[in-house]
K.L.:
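To start, I am sharing the structure in question, which I have written as structure tokens.
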Protein chains: 2
Amino acid sequence: MTERTPSEASRDIPEATVARLPVYLRALTGLSEAGTATCSSEHLATAAGVNSAMLRKDLSHLGSYGTRGVGYDVEYLRYQIAREIGVTQDWPVVIVGIGNLGHALANFSGFRSRGFRVVALLDADPRRHQEVVAGVDVRPFSDLEAIVHEHGVAIGVISTPAPAAQDVADHMVAAGIRSILNFAPTVLAVPPGVDVRKVDLSIELQILAYHEQRKALGAAAVERPVDGALEGRPA
Amino acid sequence: MTERTPSEASRDIPEATVARLPVYLRALTGLSEAGTATCSSEHLATAAGVNSAMLRKDLSHLGSYGTRGVGYDVEYLRYQIAREIGVTQDWPVVIVGIGNLGHALANFSGFRSRGFRVVALLDADPRRHQEVVAGVDVRPFSDLEAIVHEHGVAIGVISTPAPAAQDVADHMVAAGIRSILNFAPTVLAVPPGVDVRKVDLSIELQILAYHEQRKALGAAAVERPVDGALEGRPA
DNA sequence: CTCGGTTTGTTCTCGCGTTCACAAACTCCT
DNA sequence: AGGAGTTTGTGAACGCGAGAACAAACCGAG
């Protein structure tokens with residue numbers, strides 16, 4: 001096993017590794033712009049904020065790029081990771097729901113610079129159809145299927161309010177989109193074969209709040225130890 | 001072990017469970033608004049998009065709320081989870097970096113409705129200091145420490161461009177903030193005891209792109225089976 | 001009061017992900 | 001050429017999380 005033929009190695013990369021590859025890619029881009037030609041796993045791992053052993057294992061899943069005793073060629077590794085992720089090609093993307101968040105997403109330069117091209121902005125509200133955001137005009141949601149077929153869109157972004165999200169997702173799937181990035185705070189039901197990733201801003205804050213509360217509780221427990229049953233039980 | 005005193009049970013909840021509690025909370029709020037008084041683990045799990053066994057195990061970590069043969073009291077469980085997360089109290093939040101994304105975050109109603117209150121918007125650019133966003137006026141970044149102390153801010157949100165993020169984080173930590181939600185595409189270095197969660201929009205898209213490429217490759221392999229060494233290579 | 005039906009809480013098992021530790025391999029210096 | 005120093009790639013150990021399965025507990029009918 002562990003053949004170094006790309007198509008061999010590119011089989012079954014662990015999900016956790018896939019989620020970190022973009023971080024490595026970003027770190028490598030930074031090193032490249034800084035003029036670094038070669039880097040060790042330790043160096044790159046620090047830049048990516050991970051353990052060096054984990055980095056090496058992650059990279060080993062895509063092949064044996066790297067030279068023992070030397071390190072990794074920044075440009076070469078960057079290209080290999082980009083190819084593995086698939087961002088050497090351009091991905092046309094459509095954004096549905098042009099509210100505050102949709103505006104921000106449409107203007108986000110990080111998409112363009114990382115292989116994604118926003119080909120259309122859609123909104124159900126006719127009052128938004130006059131607008132032009134980030135050089136792209138907002139079109140009616142009913143144009144979705146035509147746009148998907150015209151540009152070969154494979155990835156859709158949902159930034160609508162929660163109640164509209166499922167309907168939008170259904171239409172996306174019907175139009176042939178198989179990858180959805182969902183910013184609406186709702187659980188989406190999609191048929192098998194369709195990937196959904198969700199980004200929920202308030203969930204992240206709530207996780208922080210939990211730990212923050214924990215810290216405060218821990219500090220309070222030092223002052224006044226123990227004591228449990230207090231707030232529970234209306235039943 | 002497994003005492004049901006809240007303070008006992010609230011020790012060491014697995015991180016994976018913590019990340020799902022907000023989802024359950026959202027699902028319960030939905031059920032509550034729909035007028036549902038009681039629900040089974042199966043019902044709630046479906047609403048939250050998870051397995052019922054996992055839901056029960058998650059809930060068991062915070063205590064034995066729920067009645068065998070009956071299910072969970074929606075309101076009661078909702079309160080217990082909210083208390084466990086810490087969103088029964090209000091968390092003052094400060095947002096730094098009022099660009100497109102900062103605007104969207106400041107206007108995001110989901111924060112307010114889930115126990116978070118934006119007490120200040122900060123930006124280093126003086127041209128933005130005249131603006132009023134979502135009823136809050138944009139103030140200079142140098143006001144950070146004063147605001148943190150005045151309002152007892154424990155959570156900071158960074159929505160600046162990447163190059164400014166580390167500096168902002170440093171000032172936040174210096175001002176006493178111990179929880180940071182970072183939207184800038186950079187790895188933040190913070191001292192131990194400070195929690196950082198990151199949301200990177202382009203990383204999510206890249207993960208989708210990887211799987212999308214995979215699907216396309218798989219489909220191609222069906223047409224033309226086998227054969228390995230093709231795309232790799234610029235040694 | 002007893003019994004059948006239902007649902008929770010928990011135990012057990014399995015697989016994945018992370019970390020450690022080391023052999024293999026490369027460079028550079030003598 | 002040979003050896004010392006470095007760094008990668010990987011095998012093995014460990015811990016955590018997910019799912020299946022089951023006993024305990026509760027309700028309601030008779």
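Please read all numbers here as calculations on a predicted model, not as lab measurements. Proteins come first, then strands; the chains are lettered A, B, ... in the order of their sequence lines, and each starts at number 1.
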K.L.:
Starting at the 5' end of DNA chain C and moving along, which residue's nearest nucleotide shows up first, Ser41(B) or Asp58(A)?
P.N.:
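Per heavy-atom nearest nucleotide, the more 5' residue is Ser41(B).
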
K.L.:
Starting at atom CG of Leu62(B), determine the distance to atom C1' of dT8(C), rounded to an integer number of angstrom.
P.N.:
14 Å

K.L.:
For dA20(D), does OP1 or OP2 lie under 4.0 Å from any side-chain N or O of Asn51(B)?
P.N.:
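True: Asn51(B) side-chain N/O within range (under 4.0 Å) of dA20(D) OP1/OP2.
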
K.L.:
Taking donor-acceptor contacts at under 3.5 Å, does the side chain of Arg68(A) reach the base of dT8(D)?
P.N.:
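Under the 3.5 Å cut-off, the side chain and the base do form a donor-acceptor pair.
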
K.L.:
When you check the phosphate oxygens OP1 and OP2 of dA18(D), does a side-chain N or O of Arg56(B) lie under 4.0 Å from one of them?
P.N.:
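No, because none of the side-chain N or O atoms of Arg56(B) sits under 4.0 Å from OP1 or OP2 of dA18(D).
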
K.L.:
What's Glu15(B) touching, base or sugar-phosphate or nothing? Going by heavy atoms closer than 4.0 Å.
P.N.:
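Sugar-phosphate, no base atom in range.
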
K.L.:
Round to a whole Å and report the spacing from NE2 of His61(B) to P of dT11(C).
P.N.:
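Atom-to-atom, His61(B) to dT11(C), this comes out as 11 Å.
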
K.L.:
Will you find, in the side chains of His211(A) and Glu15(B), an N or O donor that is under 3.5 Å from an N or O acceptor?
P.N.:
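His211(A) vs Glu15(B): donor-acceptor pair found between side chains.
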
K.L.:
Asp12(B) CG to dC16(D) C1': how many Å, rounded?
P.N.:
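Checked: the CG to C1' distance equals 13 Å.
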
K.L.:
Would you mind telling me which of dC26(C), dG9(C), dC20(C) lies closest to the side-chain atoms of Ala53(A)?
P.N.:
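Selected nucleotide (nearest to the side chain): dC20(C).
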
K.L.:
Rounded to whole angstrom units, what separation is found between the CG atom of Leu55(B) and the C1' atom of dA18(D)?
P.N.:
13 Å

K.L.:
Expressed in angstrom and rounded to an integer, what is the separation of Lys57(A) atom NZ from dT19(C) atom C1'?
P.N.:
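Roughly 9 Å, once rounded to whole Å.
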
K.L.:
What is the distance from OH of Tyr65(A) to P of dT10(D), rounded to the nearest Å?
P.N.:
12 Å

K.L.:
Examine the side chains of Glu75(A) and Ser32(A) and answer whether a donor and an acceptor come within less than 3.5 Å of each other.
P.N.:
yes

K.L.:
Under 6.0 Å between the ring centres of Tyr76(B) and Tyr79(B)?
P.N.:
no

K.L.:
Check the distance between dG17(D)'s C1' and Met54(B)'s CE and give it to me in whole angstrom.
P.N.:
9 Å

K.L.:
Can Arg78(A) and Asp73(A) be counted as an ion pair, charged N to O under 4.0 angstrom?
P.N.:
no

K.L.:
For Thr67(A) and for Pro14(A), find the nucleotide of DNA chain C with the closest heavy atom, then tell me which residue's nucleotide is more 5'.
P.N.:
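Taking each residue's closest nucleotide, the earlier one in sequence belongs to Pro14(A).
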
K.L.:
Between dT10(C), dT18(C), dT8(D), spot the one nearest the side chain of Ser60(B), thanks.
P.N.:
dT10(C)

K.L.:
Rounded to whole Å, please give me the gap between CG in Leu59(B) and C1' in dT7(C).
P.N.:
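Rounded to whole Å, this separation is 13 Å.
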
K.L.:
Look up atom CD in Glu84(A) and atom OG1 in Thr17(A), then write down how far apart they are to the nearest 0.5 Å.
P.N.:
10.5 Å

K.L.:
State whether Tyr72(B) places a side-chain N or O below 4.0 Å from either non-bridging phosphate oxygen (OP1 or OP2) of dC26(D).
P.N.:
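No, no such contact exists.
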
